[in-house]
Structure formats: C-alpha cells, structure tokens
Amino acid sequence: MLGTHPDFPDVTMLFDLNDEVSHALVLILSRLPEERRGPFAEVFFAERRGGRSQISNDPRRRLAAAARAALLVIDLAAEQLQGEHIVDLLAGAAQEDDLTRTPATAVVKLQTAIARIRLDVELEDPFDPRAAASLAIAEVLSPEGDVVALKEVVARASWAAVESWDPPRVLAFLLRLAGELTAPGPHRA
C-alpha cells in the first residue's frame with residue numbers, strides 16, 4: 001500500500017502530477033473495478049487543476065501538505081482523533097502554524113490520543129480504512145521519524161477514502177487532494 005514500483009517516477013512524468021498525487025491516483029485506480037478505472041481517470045484528468053508542482057522539502061511545508069491531506073479523511077478516523085483539539089492542531093499545521101507553541105494541556109491530550117491509536121489492536125490492520133485514516137493523522141501530529149512521511153500520509157488517506165466512499169466521492173477527494181498538493185501559495189516551494 002505504501003510502497004511504489006521502482007519505475008514509478010517515470011509514470012509521474014506521464015501523468016504531469018507530483019509524486020504524491022500520482023501515487024494516490026494509482027492506488028485508488030487499483031482498488032476500483034477494472035471497468036471503472038478508465039472513466040474515473042478521464043474525469044480526474046479533465047477536472048484537475050494544477051500540474052506537476054513538487055512539494056518543497058522544507059519540513060514545515062511537508063507537514064502542512066500532510067495535514068491538508070489528513071484533514072480530508074478526518075471523518076473516517078477513530079473517534080478520539082475527531083475531537084476539536086485534534087482538528088484545530090491539524091488545521092494549524094495545514095496553515096504552517098508553529099505547533100511548538102501548543103499549550104501543554106493540549107500536548108498531553110494529543111500524546112495520549114496518539115499513543116492509544118498506535119497501541120489499539122483494532123487499528124493494527126493497515127488495510128482497514130479507519131486504521132489507515134487514524135494512522136495518517138497520527139503520523140502528521142506525531143511523526144515516527146524526524147520529518148512527517150508525506151507519501152505515507154497521502155497513501156493512507158487515499159486508501160481510507162477508496163475503501164470507504166463511493167467512486168464519485170473518491171473522485172472529489174482526489175481532486176481536492178491534487179488541488180491541496182499543487183496549488184500555489186505559502187505552502188509551495
């Protein structure tokens with residue numbers, strides 16, 4: 001689900017999309033019935049905005065992009081990640097706010113929620129859409145590495161969407177994701 005084929009970068013050139021959106025498109029198409037793939041892709045390419053704009057390697061900008069992707073699937077996540085303080089933190093990260101200024105009480109609530117998510121046996125299955133959405137949000141707010149794994153967040157959000165929603169809503173998700181990850185603005189390089 002999270003990995004890509006070694007020839008994948010060549011495919012992104014054909015799509016005229018950045019790596020993250022290309023990966024999301026391929027992942028979503030792979031989950032659709034074969035007869036729906038062509039029409040889905042045609043509509044996506046006809047309606048998408050922007051092109052191959054790459055996301056900056058700046059950690060704060062990658063965090064902002066990941067937060068925007070995670071916000072698209074927040075309603076699919078575990079209940080403890082749908083609270084107002086989590087949504088506020090994601091929205092702040094999406095706007096490139098400095099999350100180090102988060103009040104200590106909110107940080108404790110966040111750490112508790114993330115720990116519960118990562119230790120919840122019911123959320124261990126990466127193919128479960130609720131688990132995928134929850135782990136995408138957890139990665140944004142508490143990355144397992146030094147920097148948020150943007151590709152992982154986008155892949156998990158895409159998986160949650162395609163496994164939960166009907167194709168028109170998945171298409172709307174993908175178009176919005178593409179817009180969020182290619183639109184000009186303060187979050188672009």
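Any value given below was found using the heavy atoms of this structure, including those in side chains, with hydrogens, waters and symmetry copies removed.
Within the 4.5 Å cutoff, the side chain of F173 has heavy atoms near those of the S158 side chain. L135 has its side chain out of reach of L123: every pair of non-hydrogen atoms, C-beta onward, lies at least 4.5 Å apart. E144 has its side chain within reach of R118: a pair of non-hydrogen atoms, C-beta onward, lies under 4.5 Å apart. The shortest distance between side-chain heavy atoms of H23 and V154 does not fall below 4.5 Å. Side-chain atoms of V147 and P59, non-hydrogen and from C-beta on, do get closer than 4.5 Å to each other. Contact of the T102 side chain with the L99 side chain is registered, since non-hydrogen atoms from C-beta on lie closer than 4.5 Å. Between I117 and Q80, the closest side-chain pair of non-hydrogen atoms falls below 4.5 Å. Side-chain atoms of L110 and S142, non-hydrogen and from C-beta on, never get closer than 4.5 Å to each other.
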Check against side-chain contact (heavy atoms from CB on, under 4.5 Å), N18 and V21 | CA-CA 6 Å; N18 65 39; V21 177; 3.3 Å; yes
Just do the side-chain contact (heavy atoms from CB on, under 4.5 Å) check on L17 and F45 with the steps written out, would you?
-> CA-CA 10 Å; L17 299 169; F45 282 108; 4.1 Å; yes
Could you walk me through whether R62 and N57 pass the side-chain contact (heavy atoms from CB on, under 4.5 Å) test, one step at a time?
-> CA-CA 7 Å; R62 293 186 74 75; N57 283 328; 3.8 Å; yes
Take E84 and K109 through the test salt bridge (Lys or Arg N to Asp or Glu O under 4.0 Å) and record every step on the way to the result.
-> CA-CA 11 Å; E84 186 178 331; K109 286 181 183 179; over 6 Å; no
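V108 and L141 end up in different hydrophobic clusters when Ile, Leu, Val, Met, Phe, Trp and Tyr side chains are linked at under 4.5 Å. Note on V107: it does not cluster hydrophobically with V148, by side-chain heavy-atom contacts below 4.5 Å among ILVMFWY residues.
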